[in-house]
Amino acid sequence: MMKKLNITWDGVFDSTGYLFSFAKALSCAVKNSPFSELAEDIVASSGFAFRMWVSPDLCPSATSIWQFDLQKSCVENGGICCNYIERLWGQENEEEKRRLEAIDLIRQSIDSGIAAVSWDIGVCEWGLITGYDDETERFAVLPITGQEDEMDYARLGKRELPILNVLTFTGKAEKTQEEILNDTLKIAKNHLLGNEWCENASGLEAYPALIRHLESEDTELACPELANSWNMEYFLGTYAPLKWYAWKFFEKYKLQELAALYKSVYENWQKAFEMKKGLDLSVNENRRAIAELLKQAETRERQAVHRM
């Protein structure tokens, strides 16, 4: 018989519908846990409210190419104890062993009333595993699309993009708010200054990498075409709501100057997303208007880094 948690995406802030799926799954799992008061904080305190990655060709998968094994330490940075297991490319000889270990972690998490965050459980994004049935060897899953489904144990880590990535939460850590705040400032600044591994433009360097597609008229680079594509919408929509979590974190922790800066950063990203949705970006003036919004956001976020 399926043991299943009653969880939906309701109540998780996502102003664009494109919020980075790991951050969304993280917030939702925490929201539906015994430490739900950290549901919004954890997106910032884990550093994900500040993380940006942009590839030269605006491939959407660039938002998911990062150092996966940071997940455990980043989430614990925000005051939540975790278990984590992964199996990446070139580790096929570990596939069965790690999959069985992951299944056991998922069982423990569901038994404690908390969903597990997992990669590729319905669509090729992060989502939630909300139940399990050892008799049928099937999971109940909640993909980022919101359509509940089931998945065989045997397919965990072996779907469209066959890597294993499971994170579960075991309780609150003994960290003071001051410790969480100080560690958040460190992790945010570390990423924004480009000190976390990524093969693409990351942190503050994501801004010029994105803006160039809006400003360039070099037809060989096909920048106007990319600027007018769904890809640009995806990047704007992925990062805009993350800035909201940064704003709300600093507001809660009463760092008013940083809160004001990130309020402006969020509003500029959100407006840029809405303009991309509503305007024809084959028109040069429209592209440049969005570029200007991103430049304003970049200026504010660079000011914020100096205050961290």
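In this chain, numbering begins with 1 at the start of the sequence shown. Side chains are part of it too, since the values below use all heavy atoms of this structure and drop only hydrogens, waters and symmetry mates.
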Main chain of Lys295, side chain of Thr299: is a donor-acceptor contact present, judged purely on distance under 3.5 Å? yes

Donor-acceptor pair between Tyr132 and Glu137 side chains, under 3.5 angstrom: no

Non-hydrogen atoms of Leu38 and Lys172 that approach each other most closely: CD1-CE, 4.1 Å

Applying side-chain contact (heavy atoms from CB on, under 4.5 Å), run through Leu185 and Leu181 and close with a yes or a no. CA-CA 6 Å; Leu185 293 172; Leu181 174 59; 4.3 Å; yes

Distance (rounded to the nearest 0.5 Å) between His191 NE2 and Trp197 CH2: 12.5 Å

Is any side-chain heavy atom of Tyr239 closer than 4.5 Å to a side-chain heavy atom of Phe273? no

Should the pair Phe20 and Trp66 be assigned to parallel (<30°), tilted (30 to 60°) or perpendicular (>60°) ring geometry? perpendicular

Looking at Arg138 and Asp133, is there a salt bridge between them, counting it only when a charged N and a carboxylate O are closer than 4.0 Å? no

SB check Arg307 Glu301 (cutoff 4.0 Å): no

Between Thr170 and Cys82, what is the shortest heavy-atom contact and its length? OG1-N, 3.9 Å

Pairwise distance OG(Ser109) to CD1(Ile129) - rounded to 0.5 angstrom: 9.5 Å

Once the angle between the rings of Phe250 and Phe50 is folded into 0 to 90°, is it parallel (under 30°), tilted (30 to 60°) or perpendicular (over 60°)? tilted

Given 3.5 Å as the limit, does a donor-acceptor pair link the side chain of Thr184 with the main chain of Ile180, or not? yes

With no hydrogens and no angle check, do the side chains of Asn93 and Glu95 hold a donor and an acceptor under 3.5 Å apart? no

Charged N to carboxylate O below 4.0 Å: is that the case for Glu267 and Lys271? no

Quick one: does Asp152's side chain have a donor or acceptor within less than 3.5 Å of a partner on Arg155's backbone? no

When you look at Met232 and His213, which way does the side-chain contact (heavy atoms from CB on, under 4.5 Å) test go after all the steps? CA-CA 9 Å; Met232 177 62 73; His213 292 287; 4.0 Å; yes

Mind checking whether Phe13 and Trp247 sit in one hydrophobic cluster, side chains of I, L, V, M, F, W, Y counted as touching below 4.5 Å? yes

Return the minimal non-hydrogen interatomic distance between Leu242 and Phe48, and the atom names on each side. CD1-O, 3.4 Å

Inter-residue atom distance Lys243.NZ - Ser15.OG, 0.5 Å rounding: 12.0 Å

Under the criterion side-chain contact (heavy atoms from CB on, under 4.5 Å), I'd like the reasoning laid out for Val75 against Ile42: C-alpha separation, chi angles, the key distance, then a yes or no. CA-CA 7 Å; Val75 175; Ile42 197 63; 4.1 Å; yes

What is the distance from atom CE of Met52 to atom OG of Ser202, rounded to the nearest 0.5 Å? 9.0 Å

Asp41 and Tyr245: side chain donor to acceptor below 3.5 Å: no

So which atom in Glu298 and which in Leu204 form the shortest heavy-atom distance, rounded to 0.1 Å? OE2-O, 4.3 Å

What are the two closest non-hydrogen atoms of Leu128 and Ala29, and how far apart are they? CD2-CB, 3.9 Å

Taking the side chain as every heavy atom from C-beta outward, state whether Asn200 and Val54 have any atom pair closer than 4.5 Å. no

Could you check whether Glu125 pairs with Lys24 (Lys NZ or Arg NE/NH1/NH2 to Asp/Glu carboxylate O, under 4.0 Å)? no

Do Cys28 and Ile7 come close enough that some side-chain heavy atom pair is under 4.5 Å? yes

What's the spacing between Leu258 CG and Gln303 CD if we round to 0.5 Å? 10.5 Å

In terms of side-chain geometry, is the basic nitrogen of Lys248 or Glu40 positioned less than 4.0 Å from the acidic oxygen of its partner? no

Kindly work out whether a path of hydrophobic side-chain contacts (I/L/V/M/F/W/Y, heavy atoms less than 4.5 Å apart) joins Leu167 to Phe68. yes

With a 4.0 Å cut-off, would you call Glu92 and Arg98 a salt bridge? no

If hydrophobic clusters are built by linking Ile, Leu, Val, Met, Phe, Trp and Tyr wherever their side-chain heavy atoms come under 4.5 Å apart, do Val283 and Trp230 end up in the same one? no

Working to the nearest 0.5 angstrom, can you tell me the gap between Arg51 CZ and Thr238 OG1? 15.0 Å

Pair Asp69, Gln67 - check side chain to side chain donor-acceptor pair (under 3.5 Å), show working. CA-CA 6 Å; Asp69 61 7; Gln67 191 174 335; 3.0 Å; yes

Pairwise side-chain contact, Ile144 with Val123, heavy-atom cut-off 4.5 Å (strictly under): yes

Is Lys4 paired with Glu148 through a side-chain N to carboxylate O contact shorter than 4.0 Å? yes

Are Val43 and Leu255 grouped together when hydrophobic residues (ILVMFWY) are joined by side-chain heavy atoms under 4.5 angstrom apart? yes

Ion pair check, Glu292 and Arg288, cut-off under 4.0 Å: no

Salt bridge Lys277-Glu233, side-chain N to carboxylate O under 4.0 Å: yes

Donor-acceptor list for residues 158-166 side chains, cut-off 3.5 Å, not counting sequence neighbours:
from   : atom 1 : to     : atom 2 : distance (Å)
Arg159 : NE     : Asp120 : O      : 3.2
Arg159 : NE     : Asp120 : OD1    : 3.2
Arg159 : NH2    : Gly122 : O      : 2.8
Asn165 : OD1    : Gln71  : NE2    : 2.9
Asn165 : OD1    : Trp126 : NE1    : 3.3
Asn165 : ND2    : Tyr84  : OH     : 2.9

Are Ile187 and Tyr262 grouped together when hydrophobic residues (ILVMFWY) are joined by side-chain heavy atoms under 4.5 angstrom apart? no

